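Report on the following structure.
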Amino acid sequence: MDTVLTKGFRYNLLYGGSRSGKSALLVSCVQDRALLAPESRHLIVRKEMSAARVSIAMDTFPKMWRLRYPDIPPPTFHKLDGVWEFPNGSEIWLGGLNDDKAVEKMLGREYATIHGEEISEWPYHWFTLLRSRLAQVVDTLEGEPLSQRFYGTLNPTTRMHWTYRLWREGIDPQDEVPIDRSQYAYCVVNPYDNQANLSGDYLADLEALPERQKKRFLLGEYVADDENALWRREFIHRSVLQDDGDWPVQMQRIVIAIDPAVSNEAGSDETGIIAAGLGKDGNAYILADESGKYRPEEWARRAISLYHSLNADRIVAEVNQGGDMVESTIRAQAADVPYKAVRATKGKVVRAEPVAALYERGKVFHIGQYPELEDQMCSVTTGFDKKVSGWSPDRVDALVWALTDLFPSLTRKQHTGPIPVPKFSMV
């Protein structure tokens, strides 16, 4: 731990299991650095500003300040701007990277510290973008220059994720060249390291997770993809938006596919919500993944919002579980939205195999990175059993429905019997 916080490494990663104290430790570190160097500027950033406000501004930041500085008034938090102002002139800014205007403001400043929360949710270019702003030159109270530091936290995903390649393998994930390892350090912390602040029941729950989830959320290990998975990482091709923000190709059709969960209770499945488009080049493009655990009215609003923002052609939803409720939930939010109900008559794997074949043929591109979707894709095997695995590939199900709608030939019945011989009249 001391290696990450006190030694001379510019880029530092703290990863491990759930509730292991990663955020608390690094938020405290940023507070210390703001006090140590008057008029210094620092940034704490997540994928979404709303998540940053809830988890950092309303929880971790004030808790750690009260714990460590009980006799010192906390810095003033300006909620509208998302910044803490210290009496010594230092500032700690709070940000979300999915807001283009907010990102422009972030890039207009230089920082002595950048702390990225849950960077497993980030595409690699967000990290490289923020690196350019780790540049503030400022002195400490002792008159020494304050070191410039990046700190990242995450619950690890798979070994193909860019964070694993960068910090563990020492390879730049974009250029595929070795990095300067003297600039990078990582440390692993787990719930056992923080068990004084956790209940025994919570640890027992983590210990009872399926093996794959246990490795991630309890042991804090990056996991390898299943060798028998329908998809392999090398099948997932990527594309990027044009400089003006347009799609890489003109889209012929865009669909929003939903694999709905009928409840939002503990243990409920996620609702898969995937947006996909068919380009004029004949290839499919994955445009968004808005999947998550929602109440029915929430997933309907999410899907309809995505439908409008992408100017989509229609919404496709599986109705095996919800039946007519699925359509009525959508219609309650937008009565005139184009809608198509689909019903699964084959197993998940059978439906997914032709879609996986599209990826293998290079017919599908992901615009951006979707780590949770891609982890599911590379974990669904030919013998996949939801009950045995302990999880449901709802994101993959929505992906399959979206691409099946864009490529209707995938579901056409193929004639496998003898070719009929035409009968000719002898008249």
Side-chain angles (χ1 to χ4, degrees), residues 120 155-161 164 205-219 221-237 257-263 267-274 276 284 286 289 291-293 316-322 342-364 366 370-414 416:
S120 59
N155 295 123
T157 57
T158 70
R159 295 176 186 173
M160 287 301 294
H161 195 266
Y164 185 87
D205 284 343
L206 293 181
E207 290 167 348
L209 288 172
E211 191 62 29
R212 183 179 179 85
Q213 284 71 33
K214 186 191 298 183
K215 285 183 177 181
R216 180 181 181 188
F217 295 110
L218 177 64
L219 304 178
E221 297 177 4
Y222 284 91
V223 295
D225 296 334
D226 196 305
E227 293 182 357
N228 298 314
L230 296 181
W231 282 268
R232 296 187 181 276
R233 297 280 167 176
E234 58 264 32
F235 297 166
I236 301 175
H237 305 286
I258 311 173
D259 179 54
V262 295
S263 69
S268 297
D269 294 335
E270 288 186 319
T271 290
I273 305 175
I274 300 293
I286 306 308
D289 177 8
S291 308
K293 288 197 173 186
V316 177
E318 181 183 313
V319 298
N320 283 57
Q321 292 190 66
V342 290
R343 185 177 295 275
T345 58
K346 301 177 182 178
K348 293 179 185 292
V349 173
V350 174
R351 286 184 283 115
E353 283 177 334
V355 173
L358 289 177
Y359 277 82
E360 191 169 0
R361 290 165 49 200
K363 295 289 292 179
V364 186
H366 287 196
Y370 308 104
E372 292 171 300
L373 169 63
E374 292 164 16
D375 283 351
Q376 284 193 5
M377 292 166 61
C378 295
S379 302
V380 175
T381 62
T382 52
F384 182 83
D385 187 315
K386 172 183 174 180
K387 293 182 179 179
V388 174
S389 302
W391 60 280
S392 179
D394 304 293
R395 296 169 190 261
V396 168
D397 283 344
L399 172 77
V400 169
W401 287 123
L403 293 180
T404 300
D405 191 78
L406 294 177
F407 293 94
S409 61
L410 295 180
T411 57
R412 287 180 188 152
K413 292 184 179 179
Q414 301 295 319
T416 57

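What you see is a predicted model; the values in this text were computed from it and never measured. Both backbone and side-chain heavy atoms feed into the values below; hydrogens, waters and symmetry mates do not.
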Would K214 and D205 pass as an ion pair if we require N to O under 4.0 Å? no
Can you tell me how far apart CH2 (W231) and CG (L373) are? Round to the nearest 0.5 Å. 8.5 Å
For K348 and P393, work out which heavy atoms get closest and say how close. CD-CG, 4.1 Å
Any donor and acceptor pair, going by atom type alone, linking the side chain of N320 with main-chain N or O of A344 inside 3.5 Å? yes
Derivation and outcome, side chain to side chain contact (heavy atoms under 4.5 Å, CB included), residues T271 and D394: CA-CA 6 Å; T271 290; D394 304 293; over 6 Å; no
Check step by step if side chain to side chain contact (heavy atoms under 4.5 Å, CB included) holds for E374 and R233. CA-CA 8 Å; E374 292 164 16; R233 297 280 167 176; 3.7 Å; yes
What's the separation between atom CG in D289 and atom CD1 in I273, rounded to the nearest 0.5 Å? 8.5 Å
CD of Q376 to OH of Y370: how many Å apart, nearest 0.5 Å? 15.0 Å
CG of N155 to CG of L218, rounded to nearest 0.5 Å, is 11.0 Å
When rounded to the nearest 0.5 Å, the distance separating CZ of R395 from CE of M377 is 12.5 Å
Spell out, as yes or no, whether a donor-acceptor pair under 3.5 Å connects the side chain of S120 to the backbone of P156. no
Does NZ in K363 sit with more than 12 non-hydrogen atoms of other residues, nucleotides or ligands closer than 6.0 Å? yes
Do L403 and I286 touch side chain to side chain, with heavy atoms closer than 4.5 Å? yes
Compare every heavy atom of C378 with every heavy atom of A229, then report the nearest pair and how far apart it is. CB-O, 3.3 Å
Sub-3.5 Å donor-acceptor pair from the side chain of E270 to the main-chain atoms of S291, do we have one? no
Please lay out, stage by stage, how L399 and Y359 fare under the test side chain to side chain contact (heavy atoms under 4.5 Å, CB included). CA-CA 12 Å; L399 172 77; Y359 277 82; 3.5 Å; yes
At what distance, to the nearest 0.5 angstrom, does CG of L206 lie from CG of L219? 9.5 Å
